[in-house]
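Below is one structure, written out as structure tokens; comments come after it.
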Amino acid sequence: MEKAYEPKIYEDDIYKLWEESGFFNPDNLSGEPYAIMMPPPNVTGVLHLGHALENSLMDIMARYQRMQGKKVLLLPGTDHAAVATQARVEKNLVEAGMKNPREELGREGLLKKIREYSEQSKATILKQIRKMGTSADWSRLAYTFDEERSKAVNTTFVKMYNDGLIYRGFKVVNWSVKGQSTCSDDELVYIDREAKLYTFKYSKDFPITIATTRPETKLGDTAVAVNPNDKRYKKFIGKVFPVNFCGVDLKLKIIADEHVEMEFGTGALGVTPAHSGVDFEMYEKKKVEGDPIELIQVIDEKGKMTLQTGKEFVDKTVLEARDLVVEKLRAEGLMEKEEEIEQNVGTSDRFGDVVEAIPMTQWFIDVNKEIPGRGKSLKALMKEAVSSGLDNDKNKKVTITPDNFVNIYFNWIDNLRDWCISRQIWWGHQIPVWYRKVESRKSKVESIEDIYVGVEEPKDIENWTQDSDTLDTWFSSGLWTFSTLGWPNDTADFKTFHPTNWMQMGHEILFFWMARMILFSGYLFDGIPFKDVYIHGILRDKDGKKFSKSSGNGIDPLDIIENYGTDALRWSVLSGITPGNDSRFYTEKVEGSRNLVNKLWNVARFIEMTIVEAGGKLVRECKMPKAKTLADTWILSRLNKIIKDVVDNIDNYQFSQAAEVLRDFTWNDLADWYLEIAKIETDKSEVLNYILNTVLKLWHPFMPFVTEAIWSSYAKTSDDKQELLMVEKFPEVNVEWQEVIDFSMLQNIIINIRSVRGDYKIDPAKKINVTISAGDKKELLEENAEIIKRLARLENLQINQSANKPNDSVSFVEGGVEVFVELSGVVDFAKEKEKLGKEIEQLTKYISGLEGKLNNPGFVSSAPESIINQEKEKLIEAQEKLEKTNKQFQAI
RNA sequence: GACUGCAUAGCUCAGUUGGCUAGAGCGCUACAUUGACAUUGUAGAGGUCAGAAGUUCGAAUCUUCUUGCGGUCACCA
């Protein structure tokens, strides 16, 4: 073995070995099925650190479960990411000098460009996933936009259409002018910005003043809403006022609406049904009430003013129109106030422009309508799956970790409106709806005979035209957990692996993705997509800032792998994380990780060397050895405890905790103590071999490469058949070992002697003498005398039943024994006296605290017995220590 | 505005049903150096657990309030 672990030498070969072994494919494994679906990365570029975190989490779980003897499927895939990818490619084309890619290339031309880009991106991504060590089943690789997945999409669409849950409707939608497409409510990113609030009157004779930040939309106002209880305006309710607003004739009906706050602004609200979601709802409500108001669209799809606004405004941009309206209001003396306010506007998450509210005919999923035959809506279904379980069945319940996200999820569902699923971009699943060619677009909607909705295209295709819109990308990713398993076909995979066992994701896609997956599987087959969801936070930079291209703080995971190795990267992204919380990533952390990996390597190297020197060799199979010394008993019991901790922590999704427990054991207990002792006590081959085997297995899910590299080095020195660590059985807790308290006494004696040496600046090379007054620990200490002598660098060690404090010595009490460190000539008695005095003071305080507690009738009567006994033991121990310390104090 | 999260050592963070004289890593200080590892070892300094009140035998942990910082959703007149 090399002096230091060189990841580059091993990683690619090991990954190849794993892949060729076939064990990534569950068909080659036996046991209980365990499935994890990889959240498919968008084919918009390359993977970032967040993906490194996700891959680490998934792979830890997959490897752990596989080693637990399960038939593990970690299914990899990628997402065509409709808008995101098209937006990226268009941006690239524009940067390369193209003015309007859609116009210049046309639908097929642009799609070709996007396809090329996405295939290239996909290839890169898949390579990166391999680099991260992910034990994914490549034979089942899926893509949200491939044929099988498209079939799942169409099947779902058709079923929902037939159930009346998908409908085509005319509504105000979020429209990105830049992207020339709709977006769903969830795709909006709200930003704060400065805006002007204008308070004005429509005309001189109009009795009510209103305020707005968007004067240009007021050209489309058809009503003014006031609170029905507002005394100021009550008399106007129901009246219609014809006004001439900036040269445009409007008819404004005064309507009552409870949602209008009397105290806010002027207490009256100009209603623009065509360009405000809220106002549109009022419009629909009035229509139902039989007291309709008009709807006038004044902004078109290009973000320009429509013909409706008259000669002066038509074809002006929104901003030009706004300036013009303001100018006119000022000129006519109708503007009452102009003030700067903070406002928060929705922007398109992919195109970045402020979205316009525009009325359009689009496809929607109705979340409130009852699902035929089920007696509940999609909304109810989504709630049920997370609260009681579908149909009150606990086996159909999704558990979210950490659980505070449950409330956030419910809150989102409560505010959920019908989901607009049609997009006008070209990259995506084209809506499986065809219209008769002969008909005009408007009549298509009105006549059922002219529309065809089907999984396959209609037979007489030449007479039909497919709807040109595509589906929201989350429609296809919402089907991911089962479309990847061959659904809608009745496959063995689907039966075996669905619902999947565990899913991890970032909290930013909770609504986009988790909610949609729950919706679809609940609707389609009354099931859940996964049993447990683990929500992780996002990785931030050293200063807590988000990693982003614009701030230029991005770190390429491949660079980290290149410089430090994959295992170090995995540990770095993982350590310090807790469910749902963000964490920070910086290079110092990676250095520490690299050191840890190297430490493990050297532990193995030392163990191998020790065993070989003793005439043996490392073997892969060895039973739990017999402990021959106190140190053996201690390390084996510690190891046993660690197995339990690791298993418990992983089972509770405390990945960082599990790994930290392992690190502490490996570095402190094993390397710093036991291996040092192994240099003193001989005949440790069996124990060392057993410990190394166990530790490698425990570490494997976290650091697959270095552990497999060490494991494979065994073969060179033994006759073992070539087997992979990745399919070894994970260690089990086999015996209930007691904690070995005596060993910590031994450790503390050594630490205290070292500390005395440090205090008196004794040359580390110089050997000194120590006398111990051991009482009933005499035998035990004698058995371990060599360890104390060597680790504390002693010349002579006297262990007596009882001993008096030698002259010129520094003393301390530890675990009921008194230790005298002889330092002829250099002892500072004043200092010792002070030190012991402090110790006594502290002990006295501690004891009186314990006594107070134990004399408190409340404590004795209400505390559990185990706690009381624990406190009693503490008291006795402290009292003994105080007594001995007092004696030593007086001896000075 | 509604809901929600956080505040613990210089820094990054653990601390899982309330029961340690509150922990780790990094950093810092001092010392050590030729066979496992300087990607190291040994020892050490460093915290009124944001503040206040309450519940309890007992609070870093539970409740309420205050302060400071995030997040999500809504309002966008």
Side-chain angles (χ1 to χ4, degrees), chain A residues 1 3-5 190 195 197 199 210-214 224-225 259-261 264-272 276-279 341-346 402 404-405 407-408 410-412 414-415 507-508 510-511 542 544 564 568 575-578 580-586 588-589 591-610 648-649 652 654 656-657 660 663-664 671-672 675-676 679 751 754-759 761-765 791 793 842-843 845-846 849-850 852-853 856-864 866-868 870-871 874 878:
Chain A
M1 287 172 84
K3 193 168 177 180
Y5 173 61
Y190 288 92
L197 180 69
T199 307
I210 65 160
T212 185
T213 53
R214 302 208 48 191
V224 169
H259 299 296
V260 179
E261 286 176 43
F264 195 97
T266 62
L269 165 67
V271 181
T272 324
S276 154
V278 179
D279 294 2
I341 58 156
E342 271 279 300
Q343 122 182 291
N344 160 7
V345 292
N404 56 296
F405 282 100
N407 280 331
I408 297 175
F410 285 154
N411 183 270
W412 175 82
D414 288 341
N415 289 312
H507 50 68
E508 72 279 5
L510 205 68
F511 309 139
K542 200 175 171 52
Y564 300 95
S575 76
I577 66 163
T578 41
N581 293 320
D582 294 352
S583 61
R584 302 188 190 198
F585 184 92
Y586 38 90
E588 289 90 328
K589 214 170 167 178
E591 279 169 24
S593 313
R594 190 253 336 250
N595 297 354
L596 173 62
V597 174
N598 188 57
K599 191 74 184 181
L600 181 60
W601 176 262
N602 272 289
V603 163
R605 198 155 85 100
F606 175 78
I607 289 176
E608 190 206 24
M609 189 193 83
T610 308
D648 286 351
N649 277 315
N652 290 308
Q654 300 284 346
S656 180
Q657 294 275 79
E660 275 167 48
R663 181 202 56 203
D664 290 346
D672 290 345
L675 295 189
E676 289 306 315
K679 292 174 184 171
I751 288 168
R754 285 169 175 169
S755 171
V756 169
R757 297 182 62 119
D759 280 353
K761 309 223 181 298
I762 307 296
D763 181 349
L791 296 185
R793 299 197 70 86
Q842 224 172 25
L843 275 171
K845 225 186 201 168
Y846 181 49
L850 285 172
K853 213 182 219 178
N856 182 338
F859 177 72
V860 184
S861 63
S862 16
S866 63
I867 298 289
I868 296 174
Q870 195 183 302
E871 298 297 305
K874 277 192 220 161

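Below, read A as the first sequence line, B as the second, and so on, with proteins coming before strands; counting in each chain starts at 1.
Remark: C1' of B:rC73 and CG of A:Asn344 are 10 Å apart, rounded to the nearest angstrom. Atoms NZ (A:Lys874) and C1' (B:rG19) sit 7 Å apart, rounded to a whole Å. In this structure, NE2 of A:His507 is placed 11 Å from C1' of B:rG70, rounded to the nearest angstrom. The distance from atom NZ of A:Lys761 to atom P of B:rU29 is 14 Å, rounded to the nearest whole Å. Separating the CG atom of A:Leu850 from the C1' atom of B:rG58 is a distance of 13 Å, rounded to the nearest angstrom. Taking atom CG of A:Asn411 as the reference point, atom P of B:rG5 lies 12 Å away to the nearest angstrom. Whole-Å rounding puts the A:Lys845 NZ to B:rU48 C1' distance at 12 Å. One atom, CG of A:Asn581, and another, P of B:rG71, lie 14 Å apart when rounded to the nearest Å.
Checking B:rC73, B:rA24, B:rG5 against every side-chain atom of A:Asp664, the shortest atom distance belongs to B:rA24. With distances taken from any side-chain atom of A:Gln654 to the nucleotides B:rU16, B:rG19, B:rC73, the minimum falls on B:rU16.
A 4.5 Å side-chain heavy-atom check between A:Ile607 and A:Leu675 finds at least one atom pair inside the cut-off. Here the side chains of A:Tyr564 and A:Val597 are not in contact, with every heavy-atom distance at 4.5 Å or above. Looking only at side-chain heavy atoms (C-beta outward), A:Arg754 and A:Arg793 stay at 4.5 Å or farther from each other. Between A:Glu588 and A:Lys542 there is a side-chain heavy-atom pair separated by less than 4.5 Å. Inter-residue side-chain proximity for A:His507 and A:Asp582 is flagged as met; some heavy-atom pair is nearer than 4.5 Å.
No contact: A:Ala195 has no heavy atom under 4.0 Å from any strand. Contact annotation for A:Pro857: no contact, since no heavy-atom pair falls under 4.0 Å across all strands. Within the 4.0 angstrom heavy-atom criterion, no nucleotide atom of any strand lies near A:Thr266. Within 4.0 Å (heavy atoms only), A:Ala863 reaches at least one base atom of the nucleic acid. Contacts of A:Thr213 with the nucleic acid, taken as non-hydrogen atoms under 4.0 Å apart, involve only primed sugar atoms and P, OP1 or OP2. A:Arg663 comes within 4.0 angstrom of sugar-phosphate atoms only, judged by non-hydrogen atoms across all strands, and of no base. Using a 4.0 Å heavy-atom cutoff across all strands shown, A:Val597 reaches no nucleic acid atom at all. No contact: A:Glu871 has no heavy atom under 4.0 Å from any strand. Backbone-only engagement by A:Thr212 is indicated by non-hydrogen atom pairs under 4.0 Å involving sugar-phosphate atoms exclusively.
Nucleotides B:rU29 and B:rA9 have their C1' atoms positioned 15 Å apart, rounded to a whole Å. The same atom, P, is picked in B:rG35 and in B:rG41; the two are 15 Å apart, to the nearest Å. For B:rA24 and B:rG15, the C1' atoms lie 10 Å apart once the distance is rounded to whole Å. With both ends at atom P, the span from B:rU16 to B:rC76 equals 43 Å, rounded to whole Å. For the P atoms, the distance from B:rU33 to B:rU42 is 15 Å, rounded to whole Å. Between B:rA32 and B:rG25, the distance separating the two P atoms is 23 Å to the nearest Å. Taking the P atom of each, B:rU21 and B:rU61 are spaced 15 Å apart, rounded to whole Å. B:rG46 and B:rU55 have their C1' atoms separated by 33 Å, given to the nearest Å.
Map A:Asn649 and A:Tyr190 each onto its nearest nucleotide of RNA chain B; the residue landing nearer the 5' end is A:Asn649. Both A:Gly592 and A:Ser583 sit near RNA chain B, but only A:Ser583 has its closest nucleotide nearer the 5' end.
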Apply salt bridge (Lys or Arg N to Asp or Glu O under 4.0 Å) to the pair A:Glu591 and A:Arg594, showing each step before the final yes or no.
CA-CA 5 Å; A:Glu591 279 169 24; A:Arg594 190 253 336 250; 5.1 Å; no
Applying salt bridge (Lys or Arg N to Asp or Glu O under 4.0 Å), run through A:Glu676 and A:Lys679 and close with a yes or a no.
CA-CA 5 Å; A:Glu676 289 306 315; A:Lys679 292 174 184 171; 3.2 Å; yes
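Look at A:Arg584 and you'll find a side-chain N or O under 4.0 angstrom from OP1 or OP2 of B:rC13.
Minimum heavy-atom separation, A:Gly576 to A:Ser656: N-OG, 2.8 Å. When all heavy atoms of A:Ala4 and A:Asn598 are compared, the pair lying nearest together is CA-OD1, 3.4 Å. When all heavy atoms of A:Ile408 and A:Phe511 are compared, the closest pair comes out as CG2-CZ, 3.6 Å. Taking both residues in full, the closest heavy atoms of A:Thr272 and A:Asp279 are given as N-OD2, 2.7 Å, listed atom of the first, atom of the second, then distance.
Annotation: cation-pi geometry not satisfied between A:Lys874 and A:Tyr846 (NZ/CZ under 6.0 angstrom from ring centroid, within 45° of ring axis).
Stem regions for RNA chain B, each three or more consecutive Watson-Crick or G-U pairs with both distances under 3.5 Å and listed by first number, read B:1-7 with B:67-73, B:10-13 with B:23-26, B:28-32 with B:40-44, B:50-54 with B:62-66.
Contact of A:Gln657 with B:rU16 (side chain to base): a donor-acceptor pair of N or O atoms is detected under 3.5 Å.
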For nucleotides 36-46 of chain B, just jot down a letter per nucleotide in 5' to 3' order: B, S or -, based on protein non-hydrogen atoms under 4.0 Å.
BBSBSSSSS--
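Stacking between A:Phe859 and B:rG58 is absent: the aromatic ring centre is not both under 5.5 angstrom from the base six-membered ring centre and within 30 degrees in plane angle.
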